[in-house]
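Report on one structure; see the data block that follows.
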Amino acid sequence: MAGPVSDSDRARFIELYIDLFAGIGRKMNGLAWWSTWLASKNRFNSTSTKLLEKVFSGQAFESDLGLGYGWRNASLAVRFTVGSLGRIFYTRWRLGRHLRDARQQLKDQPTYLIKTFAYSHSFGQSGFRDVFFEDLPVHLANQKDLNVLTVFHPLGFFRPSVEKSRKLDRVFPIYAFSRPWDLIGAWWEVLKGLVLRFPHPVPFLGVDISGTLRQQFRADLLSPTALECFLFYRAFRRLGSEFKLSHLLITTENNPWEKACISGIRDSDSRVKIVGYQHTVVPEASLNMFPGEGEVGFSPHPDVMLTVGEEPARILKQFGKYGSVPVTPACALRFEYLNHLVGRTGPIERTVLLVLEGVPEAVRMLNDVVAQFEGPGNWSLVVRTHPALTLEQMRHAITAPFEGFPRVQFSKEPRLSEDLKRAGVVVYWGSSVALEAMKLGIPVIHYDNGSLLRFDPLFACTALKWVLPEKSSLVGVLEEIRSLSPESLARLRAEAKAYL
């Protein structure tokens, strides 16, 4: 496809893409399929998006992923199996009595189950702070007189989370509901999946892509992600049979583990109402959030979708085919604190905050922007990395010798609010920090790397936002923002606030 990409081109690609995968899902429908990154349409972890973009644009593509792709996953899966065995034994040793007490307390009592995640900062003096649902569990327990059971997936600090759970009431790591023999069952699911017949051919705009998709499906099955999903499926099936569950509340991005958890509940008690919560931004590139024709009818999907606001609900319904599943605007639990912040009213300071996502693609923007701050100048740059991709992890991919750039520094501030306080302008690619900055009245610049689909969570907004094409001059855009009159700046801030 030559020339600029139009909105109609993007809409056509999205519909073709999601309907293609809905058709494959209908044929492959089962735990093995839904436990893969391929089925999730995840824009970062699935090769399918880039493959189909190339076909759509008429570009040549490599159909063979290489044998190393699957073998690397398999070696990681073996390590995951050994590690999971240790996590299961350790959890049952440290939390066995605590879990038995919870079972006794909740026996035959209607229980509201919440599936979430835990980070190192999720535990404090006041107990467990759910970074996704905030105070909702307390509200449900106090205002609705419900028995709430929280099951979290510990990310990066397993043993401390288990120890802290011993002091909490009805808050458990997911491994508390796993058994050692579940790992045998998980590998059995892998073997069953490997012998499944993948659809052939799979035509997309006249090109058969079944070979490449089949390779990724099999490689995905041999990955730690799939094994983890098979473990989670059994854990949640066990939860559904051991407790009298009324609801399951789960973060929803169409990730493999979400499908596994939902399948486990469905297979144990189909009466449980499953509520999906869209907890983050929904850019146009979030194909994982857009089900294809009829998909919600046969896939493991929530009964209702709650969104963080009206605009995400509109986007989901515009691009996704949710059928009879209600998509309802709710509230932004993760961003509730923004309502208490006071927006900017003064001029633009000459400090740029570059916010990165926790994906390798963010390094591309980092290299381009940092290189523009070499030598003297009027603007300084603060780079804020993502916890999932630290400076040390990406250092090998950084091409600019930033240590010698006096106007560049990498933030060590744990709190985003502190970095935003000193920022005059925020540069981003797909980070939700852009919304927080805009809420504060800080101008934002979206870095456009030229991809077919837009990763900008503010793609439908033009107020207080500028676009920086790849390899373009950032200083020019910064000076344009800086030259705004007080009246123009105030008007743009008001328009941005109204959009949010």
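Side chains are part of it too, since the values below use all heavy atoms of this structure and drop only hydrogens, waters and symmetry mates.
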To the nearest 0.5 Å, tell me how far [X] [atom1] sits from [Y] [atom2].
X      : Y      : atom1 : atom2 : value
Arg43  : Lys41  : CZ    : NZ    : 12.5 Å
Ile445 : Leu353 : CD1   : CG    : 11.5 Å
Leu149 : Gln109 : CG    : CD    : 13.0 Å
Thr385 : Leu391 : OG1   : CG    : 6.5 Å
Leu99  : Arg166 : CG    : CZ    : 13.0 Å
Asn288 : Phe21  : CG    : CZ    : 12.0 Å

Does atom [atom1] of [X] have more than 12 heavy-atom neighbours, drawn from other residues, nucleotides or ligands, at distances under 6.0 Å?
X      : atom1 : result
Glu163 : CD    : yes
Asp101 : CG    : yes
Arg422 : CZ    : yes
Arg79  : CZ    : no

Exam field: side chain [X] to backbone [Y], donor-acceptor pair closer than 3.5 Å:
X      : Y      : result
Asp19  : Glu293 : yes
Asn29  : Phe298 : yes
Arg493 : Gly441 : yes

**Report entry** Worked verdict on Ser286 versus Glu253 for side-chain contact (heavy atoms from CB on, under 4.5 Å)
**Finding:** CA-CA 9 Å; Ser286 290; Glu253 295 180 271; over 6 Å; no
Pair [X] + [Y]: ring centers closer than 6.0 Å:
X      : Y      : answer
Phe172 : His98  : yes
Phe152 : Phe123 : yes
Tyr175 : Tyr90  : no
Phe236 : Phe232 : no
Phe132 : Tyr277 : no

State, to 0.1 Å, how close [X] and [Y] come at their nearest heavy-atom pair, and which atoms those are.
X      : Y      : answer
Glu357 : Trp429 : OE1-CE3, 3.0 Å
Pro457 : Ser431 : CG-O, 3.6 Å
Ala77  : Leu222 : CB-O, 3.1 Å
Phe157 : Ala118 : CE2-O, 3.4 Å
Pro110 : Asn147 : O-ND2, 3.2 Å
Ala437 : Val444 : CB-CG1, 3.8 Å

Fit a plane to each ring of [X] and [Y], take the angle between them on a 0 to 90° scale, and name the class: parallel (under 30°), tilted (30 to 60°) or perpendicular (over 60°).
X      : Y      : value
Phe13  : Tyr17  : tilted
Phe459 : Phe319 : tilted
Phe117 : His153 : tilted
Phe177 : Phe243 : perpendicular

Requested in this report: For salt bridge (charged side-chain N to carboxylate O under 4.0 Å, His left out), just list the numbers for Lys321 and Glu295, CA-CA rounded to whole Å, side-chain angles, deciding distance to a tenth of an Å, and then say yes or no.
Outcome: CA-CA 8 Å; Lys321 301 179 180 181; Glu295 188 175 336; over 6 Å; no
Side chains of [X] and [Y]: is there a donor and an acceptor less than 3.5 Å apart?
X      : Y      : answer
Trp34  : Ser299 : no
Asp130 : Thr116 : yes
Thr47  : Gln216 : yes
Arg266 : Ser263 : no
Tyr233 : Glu228 : no
Asn255 : Ser40  : no

Contacts table for residues 184-191: side-chain donor-acceptor under 3.5 angstrom, sequence neighbours left out:
unit_1 : atom_1 : unit_2 : atom_2 : d
Trp187 : NE1    : Thr81  : OG1    : 2.9
Glu189 : OE2    : Arg234 : NH2    : 3.3

Query - side-chain contact (heavy atoms from CB on, under 4.5 Å) partner of Arg384, the single match among Leu420, Leu356, Leu354, Leu416 - result: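 The passing option is Leu416.
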Report task. Using side-chain contact (heavy atoms from CB on, under 4.5 Å) as the criterion, point out the one residue from Leu136, Thr150, Leu113 that pairs with Leu249. Result ->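 Considering Leu136, Thr150, Leu113, a side-chain contact (heavy atoms from CB on, under 4.5 Å) with Leu249 is found only for Leu136.
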Query raised in the report: Passes side-chain contact (heavy atoms from CB on, under 4.5 Å), His446 versus Leu458? Steps please.
Result: CA-CA 9 Å; His446 169 61; Leu458 293 167; over 6 Å; no
Below 4.0 angstrom, N of the basic side chain to O of the carboxylate: do [X] and [Y] qualify?
X      : Y      : result
Lys317 : Glu311 : no
Arg454 : Asp456 : no
Arg238 : Asp182 : yes
Arg364 : Glu361 : no

Query - Sole residue of Thr36, Asn254, Thr252 in side-chain hydrogen bond (donor to acceptor under 3.5 Å, both in side chains) with Lys259 - result: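 Passing option: Asn254.
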Requested in this report: For side-chain contact (heavy atoms from CB on, under 4.5 Å), just list the numbers for Leu194 and Arg218, CA-CA rounded to whole Å, side-chain angles, deciding distance to a tenth of an Å, and then say yes or no.
Outcome: CA-CA 6 Å; Leu194 289 175; Arg218 291 175 175 172; 4.0 Å; yes
Query raised in the report: Where do Phe217 and Trp33 land on the side-chain contact (heavy atoms from CB on, under 4.5 Å) test, with the steps shown first?
Result: CA-CA 8 Å; Phe217 172 67; Trp33 169 251; 3.8 Å; yes
